[in-house]
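For reference, the structure discussed in these notes is given below.
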Amino acid sequence: MSAATNPPKRLVSLSVNGRRHDVWVTPSELLLDVLHDELGLPEVRYGCGEGVCGTCTVQLDGRPVSACLMFAVQAEGHAVTTVSALLGAGEELHPLQECLLRHGGAQCGFCTPGMLLTADSLARRGGRPSREDIRYELVGNLCRCTGYTKILDAVEEYVEGAERP
Ligand code: FES
Ligand code: FES
């Protein structure tokens, strides 16, 4: 009987929040694990691991994706954005974060990074999304605390606001 061998690792170059990272990964290593464990980004969180809760949401080239459903090798050549990229140069809060705070749309905060990145992606697409559009966009981001109304209020205020970075 032959001994089990580990799959060979491959050097992958990832662009995360505008910085390049070269990491050795196995073909089956998830983007979520690489971001959280290898690159030390605690805001990319493990929730369900099945693409259902949205807790692990990051942006890939500006579009929200579940990092638990992607292999790290698939992110090579794409721009990955996590919630820390929303902060200003002096770590000041993004206006979307300000809206969320003002409306009480974050309680335990576990869902908040994913929620913010999905809402930010919607806002960046431009136009004036309706409340229904916002609700539809956020349907994949689950929150156990807020009841959603405050989150919808916050995002609605943000997308209606003229000031966007
Ligand atoms: S942990 Fe990825 S969607 Fe739940
Ligand atoms: S604020 Fe707690 S899960 Fe959303």
Side-chain angles (χ1 to χ4, degrees), residues 14-21 23 30-48 51-70 72 74-75 77-165:
L14 298 177
S15 165
V16 182
N17 298 336
R19 272 191 62 198
R20 179 181 150 162
H21 300 267
V23 277
L30 296 173
L31 180 61
L32 167 59
D33 294 332
V34 170
L35 294 173
H36 187 278
D37 299 340
E38 308 269 339
L39 302 188
L41 294 168
E43 73 259 32
V44 187
R45 295 174 179 159
Y46 181 91
C48 64
V52 174
C53 71
T55 306
C56 66
T57 301
V58 297
Q59 290 178 357
L60 193 77
D61 300 332
R63 306 297 295 231
V65 296
S66 296
C68 71
L69 293 185
M70 278 194 70
Q74 293 176 293
H78 299 276
V80 177
T81 305
T82 74
V83 78
S84 53
L86 294 187
L87 294 173
E91 305 238 317
E92 63 274 15
L93 292 182
H94 186 281
L96 177 55
Q97 291 172 304
E98 299 277 11
C99 285
L100 205 66
L101 277 182
R102 211 165 28 251
H103 285 274
Q107 288 181 23
C108 80
F110 195 68
C111 70
T112 306
M115 201 69 82
L116 286 165
L117 288 167
T118 302
D120 174 70
S121 172
L122 173 68
R124 283 177 187 278
R125 269 174 260 155
R128 279 289 160 92
S130 66
R131 192 162 178 103
E132 276 314 300
D133 294 333
I134 298 166
R135 194 191 297 274
Y136 180 81
E137 193 70 18
L138 292 177
V139 76
N141 291 86
L142 306 186
C143 176
R144 286 179 289 184
C145 303
T146 63
Y148 299 103
T149 301
K150 294 170 180 176
I151 294 172
L152 292 171
D153 290 345
V155 177
E156 193 168 38
E157 180 184 297
Y158 176 66
V159 298
E160 283 174 358
E163 286 179 57
R164 289 196 204 136

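Because the structure is a prediction, the values reported are computed rather than measured.
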If I compare all heavy atoms of [X] with all of [Y], which pair ends up nearest, and what's the gap?
| X | Y | answer |
| --- | --- | --- |
| P113 | R45 | CD-NH1, 3.5 Å |
| Y46 | L32 | CD1-CD2, 3.6 Å |
| V159 | R128 | O-NE, 3.5 Å |
| L117 | T81 | CD1-O, 4.0 Å |
| S121 | G62 | OG-O, 2.8 Å |
| V44 | A67 | CG1-CB, 4.3 Å |

Distance (rounded to the nearest 0.5 Å) between [X] [atom1] and [Y] [atom2]:
| X | Y | atom1 | atom2 | result |
| --- | --- | --- | --- | --- |
| L142 | T55 | CG | OG1 | 7.0 Å |
| S130 | E156 | OG | CD | 8.5 Å |
| L96 | L116 | CG | CG | 5.0 Å |

Tell me every residue that passes side chain to side chain donor-acceptor pair (under 3.5 Å) with [X], counting only those two or more places apart in sequence or in another chain.
| X | result |
| --- | --- |
| S84 | N17, E43, T82 |
| H36 | none |
| R19 | none |

side-chain contact (heavy atoms from CB on, under 4.5 Å) assessment of L60 paired with V80: CA-CA 5 Å; L60 193 77; V80 177; 3.8 Å; yes
Restricting to pairs with a member in [range], which pass salt bridge (charged side-chain N to carboxylate O under 4.0 Å, His left out), not counting sequence neighbours?
| range | value |
| --- | --- |
| residues 88-110 | R102-E157 |
| residues 78-90 | none |
| residues 134-155 | R125-E137, R131-D153, E132-R135 |

Validation row: Q74, L31 side chains within 4.5 angstrom (heavy atoms): no
Side chain to side chain contact (heavy atoms under 4.5 Å, CB included) partners of [X], counting only residues at least two apart:
| X | value |
| --- | --- |
| D37 | D33 |
| S66 | C56, C68, L69 |
| T146 | Q107, C143, I151 |
| A72 | V25, V34 |

Centroid-centroid distance, Y158 to H103, less than 6.0 Å: no
Criterion side-chain contact (heavy atoms from CB on, under 4.5 Å) on M115 and V155, from CA distance to verdict: CA-CA 10 Å; M115 201 69 82; V155 177; 6.0 Å; no
Donor-acceptor contact below 3.5 Å, side chain N141 vs main chain G54: yes
